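For reference, positions follow the sequence shown, starting with 1. Atoms within each ligand, like the ligands themselves, are counted from 1 in listed order. Just so it is clear, the model here is predicted, and its values are computed rather than measured. For the numbers below, each heavy atom of this structure counts, side chains included, while hydrogens, waters and symmetry mates do not.
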Amino acid sequence: MKVLVTGGAGYIGSITVERLIKAGEEVVVFDNLYQGHEDAVHPDATFIKGDLANYDEIEAAIATHKPDGIMHFASYTLVGESVEMPWMYLKDNAVNGANLLEAAVKHGVKRFILSSTANLFDDPEFMPIAEDERIVPGSPYGESKYIMERYLHWMDQIYDMRYACLRYFNACGASEERGEDHAPETHLIPIVLEVALGKRDKITIFGDDYDTPDGTCVRDYIHIIDLAEAHILAMRALEDGPSRKYNLGNGKGYSIRDVIETARKVTGHPIPAEVGPRRPGDPDILIASSETINEDLGWAPMYPDLEQIISMAWEWHQKNPDGYSK
Ligand code: UFG
């Protein structure tokens, strides 16, 4: 199988590329390096520096390489930023995704995996959150992923393109060779580890007055390798199966204080923490039900344990204290 991976130089994309290559697949990475790093691209993948905003660039890549399937990671991904700069999300994410889909259907690509999000479920009626939960995007970011999900519905109806929307909860952890390196970093686990590395003085907990056991937000942290494997299983399932949507998490919630405490244990560092104001847009609790992908494809997390997830991230951060910048 030949797979075109947009955003294959980014955190989740680059580790999925690593797993695809390990599984013997041929990979073409298309990335504009806005958040990605060329060093993160597996050496056995073909790398194209290109921008989805430019239809001709993505069409040329698809026409030249003729992928059997596409995994689409490239997008703006920050909930908070999307509220401050909604058009980056409501326009750019949507238009870039539309360019990709238009070029894909023009060249007969029949399989598509979308990197979607738990931010579709801002006001869940049931916890853990299953695929039939009502969709209430929590931000322009979540809305932009929902727009992509709706585009895919029509690509299937009109062009027979089979798709899987994978709604991730909190992606984290690292492989031996690849890890999380955003600029600026906004995610909890890498920030906590930067404190342990001495790169920051403390972690600020965004609010401790949530309706949760210790007052801090509860999230479902899922290892990046487990996420990557779900993409590969889903892509294979689309060879002879229908389109689908899966929620991806461990089915277990940890509070911010749990994460900090576990990181203290893993790193041996005291990791000073202080409580600050709430960050806009954070729901109290987000926990996934991944029963559907387990039943359909036999997917189950290999690394469900938070201590192991943080240990693997810690190993990568210790080996790469400045991330990919040499
Ligand atoms: N947090 C802090 N201090 C920090 C950073 C984060 O307290 O310095 C808190 C956040 O407020 C949140 C929790 O830690 O309660 C996790 O925050 P992250 O920023 O690590 O992750 P999010 O849950 O905000 O976002 C992630 C993905 C999004 C996706 C979302 C879906 O990054 O792309 O999960 O729930 F939309």
Numbered in order shown, the ligand 1 atoms found under 4.0 Å of a heavy atom of V79 are 36 (F)

Nearest non-hydrogen protein atom, atom 15 (O) of ligand 1: C217 CB, 3.2 Å

Compute the ring centroids of W316 and Y324, then answer whether they are less than 6.0 Å apart. yes

What residue and atom, counting heavy atoms only, is the protein's closest point to atom 29 (C) of ligand 1, and at what distance? T117 OG1, 3.4 Å

Could you tell me, atom by atom, which parts of ligand 1 come under 4.0 Å of a heavy atom of T186? 5 (C), 19 (O)

Considering only heavy atoms, which of N170, I260, V275 lies nearest to atom 22 (P) of ligand 1? N170

Side chains of F30 and L52: does their closest heavy-atom pair fall under 4.5 Å? yes

Which atoms of ligand 1 have any heavy atom of I191 under 4.0 Å away? 8 (O)

Option with minimal heavy-atom separation from atom 17 (O) of ligand 1, where the choices are R279, E180, R219: R279

Look at atom 11 (O) of ligand 1 and say which protein heavy atom is nearest, naming residue and atom and giving the distance to 0.1 Å. D282 OD2, 2.5 Å

Residue from L306, D305, I310 passing side-chain contact (heavy atoms from CB on, under 4.5 Å) with Y221: L306

Show the atoms of ligand 1 that are less than 4.0 angstrom away from any heavy atom in A118. 31 (C), 35 (O)

Sub-4.0 Å atoms of ligand 1 with respect to non-hydrogen atoms of I205: 7 (O)

Assess the pair H231 and F73: is the distance between their ring centroids shorter than 6.0 Å? yes

Give me the nearest non-hydrogen protein atom to atom 1 (N) of ligand 1 as residue plus atom name, then the distance to 0.1 Å. F206 CD1, 3.6 Å

Can you tell me the protein heavy atom closest to atom 33 (O) of ligand 1 and the distance? T77 O, 3.2 Å

Which atoms form the tightest heavy-atom contact between T216 and I256, and what is the distance? OG1-N, 3.1 Å

Identified side-chain contact (heavy atoms from CB on, under 4.5 Å) partner of W314 from the options I309, V192, L197: L197

Near Y141, which atoms of ligand 1 are under 4.0 Å from a heavy atom of that residue? 33 (O), 36 (F)

Closest non-hydrogen protein atom to atom 20 (O) of ligand 1, residue and atom name please, with distance? L188 N, 2.8 Å

Report the part of T216 (side chain from C-beta onward, or backbone N, CA, C, O) that has a heavy atom under 4.0 Å from ligand 1; answer both or neither where that applies. neither

Residue from E177, E25, E229 passing salt bridge (charged side-chain N to carboxylate O under 4.0 Å, His left out) with R19: E229

Would R278 count as a cation-pi partner of Y210, with NZ or CZ less than 6.0 Å from the six-membered ring centre and within 45° of the ring normal? yes

Atoms of ligand 1 under 4.0 Å from any heavy atom of I203, numbered from 1 in the order shown, are 3 (N), 4 (C), 8 (O)

When distances are taken from atom 9 (C) of ligand 1, the protein heavy atom at minimum range is I256 CD1, 3.5 Å

Please check whether H187 reaches ligand 1 - meaning an N/O of the residue sits under 3.5 Å from an N/O of the ligand, judged on distance alone. yes

Close-contact set for ligand 1 against N119 heavy atoms, below 4.0 Å: 31 (C), 36 (F)

Minimum heavy-atom distance S144-N93, with the two atoms named: OG-ND2, 3.1 Å

Would you please classify the geometry between the Y76 ring and the Y34 ring as parallel, tilted or perpendicular, with 30° and 60° separating the classes? perpendicular

Which residue supplies the protein heavy atom nearest to atom 3 (N) of ligand 1, what is that atom called, and how far is it? T204 O, 2.8 Å

Apply the test side-chain contact (heavy atoms from CB on, under 4.5 Å) to residues E38 and L33: give CA-CA distance (whole Å), side-chain angles for both, the deciding distance (0.1 Å), then the verdict. CA-CA 7 Å; E38 198 167 345; L33 301 182; 4.1 Å; yes

Begin from the C-alpha positions of H72 and S115 and carry the test side-chain contact (heavy atoms from CB on, under 4.5 Å) through to its verdict. CA-CA 6 Å; H72 177 40; S115 162; 5.9 Å; no

